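This report refers to the structure that appears directly beneath it.
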Amino acid sequence: MPHRSTLIGAGTYLPERVVGNDELATRVETSDEWIRERTGIRQRHLAGPHETAAFMATAAARGALDDAGVGAGEVDAILVATSTPDQAFPATAVRVQAALGLRTGFAFDLAAACSGFIYALSVADALIRSGQARTVLVIGSEVYSRILDWSDRGTCVLFGDGAGAVLLRAGPEAGPGVLSTHLHSDGSGGDLLFVDGAVGRRELSGHLRMNGREIFRHAVAKLASAVDEALAANGLGQADIDWLVPHQANRRIIDAMGRKLGLPPERVVITVDRHANTSAASIPLAFAEAVRDGRIRRGDLVLMEALGGGLTWGSALIRM
Ligand code: UT7
């Protein structure tokens, strides 16, 4: 019998160090005013040396397990969405598995840049629906501070570090849970947002490069059609949505999506002001915050959407 994936816990980790816009203005030619007006960002958390993707993912995973009241021993699979793994291999996810004291089940990473969490959620949902796993940790963990060109004001002010996790468990098909996920990619846009080096090339490390204006244009158009697709697939309308939990890249993109859905601003979960863009971690960070503070409640309909390097984009519709 097919199962539905129910979200039973959420957890987060943010690096201790908080860096405001004014501090960045001492490094590159920028200003707090420019960053706030163009992006909505006021500050970001930046990782210290010990705060790696695996370290932060493990902390977020523990938070999700505690939140659900589930022991690590019950986890069948761990999926980590990251573009900034600790090592080329083994996967960050198996480092998390070991840190949780698990020697059963399976763990792997998934790279889809800022859409990584939606991709990982979709794969985890498929594992649960097919009966291959019953309890799955889905984690987004990123340390973009290590791949930023700190002399490029066009990108270094936009990103932050952090991790978010959710715990999924197989539940009855008619119950709450993941109603649908939709994934898309178009590799012809690969040069609009990329890292110019990796272990598979001669350069051992690289820096993030972005054509911000073009990515912005794609984000507004592609996310608009992604949310229409999610609603149509479920026979739902805009008025049915209780919460939009978007990828947190730019406040202007988020506001455009809220307006398109006819949602009042207080129904859109925003963390970009405090976290900046944490790539694959941004959606679970925002989701966990809104669950923890009591905004998102049982029975609510939650729409998640993201677009990132690839290009990759997609959506998830969840009944809490
Ligand atoms: O998560 C993955 C997806 N990523 C995104 O969704 C990011 C999408 N793009 C964006 O969010 C925006 O395009 C940015 C925030 C990156 C840039 O905002 P924009 O309004 O598109 O600015 P722009 O790139 O058109 O640049 C406007 C001006 C330029 O100066 P000129 O050419 O008009 O003289 C830039 O050089 O702003 C300048 N500029 C800056 N000025 C001060 C660029 N970065 C900065 C900066 N401080 N940090």
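Whatever order the structure lists ligands and atoms in, that order sets their numbers, starting from 1. For the numbers below, each heavy atom of this structure counts, side chains included, while hydrogens, waters and symmetry mates do not. This is a predicted model, so every value here is computed, not measured.
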Using distance alone, decide if ligand 1 has a nitrogen or oxygen within less than 3.5 Å of any nitrogen or oxygen in [X].
X      : result
Ile215 : no
Ser31  : no
Arg38  : yes

Salt-bridged, [X] to [Y], with N to O below 4.0 Å?
X      : Y      : answer
Asp149 : Arg209 : yes
Glu289 : Arg295 : yes
Asp255 : Arg251 : yes
Arg17  : Glu23  : yes
Asp186 : Lys222 : no

Among all protein heavy atoms, pick the one closest to [atom] and tell me residue, atom and distance.
atom                    : value
atom 16 (C) of ligand 1 : Leu158 CD1, 3.7 Å
atom 9 (N) of ligand 1  : Gly212 O, 3.0 Å
atom 1 (O) of ligand 1  : Asn277 ND2, 2.7 Å
atom 36 (O) of ligand 1 : Arg153 NH2, 3.0 Å
atom 39 (N) of ligand 1 : Trp34 CZ2, 3.4 Å
atom 14 (C) of ligand 1 : Asn250 ND2, 4.4 Å
atom 24 (O) of ligand 1 : Arg213 NE, 4.0 Å
atom 2 (C) of ligand 1  : Cys114 SG, 3.3 Å

Original post:
Does a donor on one side chain sit under 3.5 Å from an acceptor on the other, for Thr92 and Asp86?
Top reply: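 The answer is no; no qualifying pair exists.
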Original post:
Side chains of Gln87 and Arg95: is there a donor and an acceptor less than 3.5 Å apart?
Top reply: yes
Could you tell me if any non-hydrogen atom of [X] lies under 4.0 Å from any atom of ligand 1?
X      : result
Ala219 : no
Thr155 : no
Ile35  : no

Test item: protein heavy atom less than 4.0 Å from [atom]:
atom                    : answer
atom 29 (C) of ligand 1 : no
atom 6 (O) of ligand 1  : yes
atom 19 (P) of ligand 1 : yes
atom 34 (O) of ligand 1 : no

Original post:
Counting heavy atoms only, which part of Val157 comes closer than 4.0 Å to ligand 1: side chain, backbone, both or neither?
Top reply: side chain
Subject >> Under-4.0 Å heavy-atom contact with ligand 1, by part of Val28 that carries it >> reply: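 Within the 4.0 Å criterion, Val28 makes no contact with ligand 1.
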**OP:** Given ring pair (Phe, Tyr, Trp, His ring centres under 6.0 Å), test Phe117 with Phe287 step by step and report yes or no.
**Re:** CA-CA 11 Å; Phe117 181 76; Phe287 173 77; 8.0 Å; no
Below 4.0 angstrom from a heavy atom of [X], which ligand 1 atoms are there? Numbered from 1 as shown, please.
X      : answer
Leu193 : 2 (C)
Arg252 : 18 (O), 19 (P), 20 (O)
Ile253 : 6 (O)
Thr39  : 15 (C)
Thr30  : 42 (C), 46 (C), 47 (N), 48 (N)
Ala249 : 1 (O), 5 (C), 6 (O)

Got [X] and [Y] here, is their nearest side-chain heavy-atom distance under 4.5 Å?
X      : Y      : result
Arg36  : Arg42  : yes
Val272 : Asn250 : no
Arg146 : Thr84  : no
Leu317 : Leu236 : yes
Leu148 : Phe159 : yes
Met257 : Leu244 : yes

Original post:
Which of these passes side-chain contact (heavy atoms from CB on, under 4.5 Å) with Leu168: Thr135, Ile8, Leu121?
Top reply: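 Among Thr135, Ile8, Leu121, the one meeting side-chain contact (heavy atoms from CB on, under 4.5 Å) with Leu168 is Leu121.
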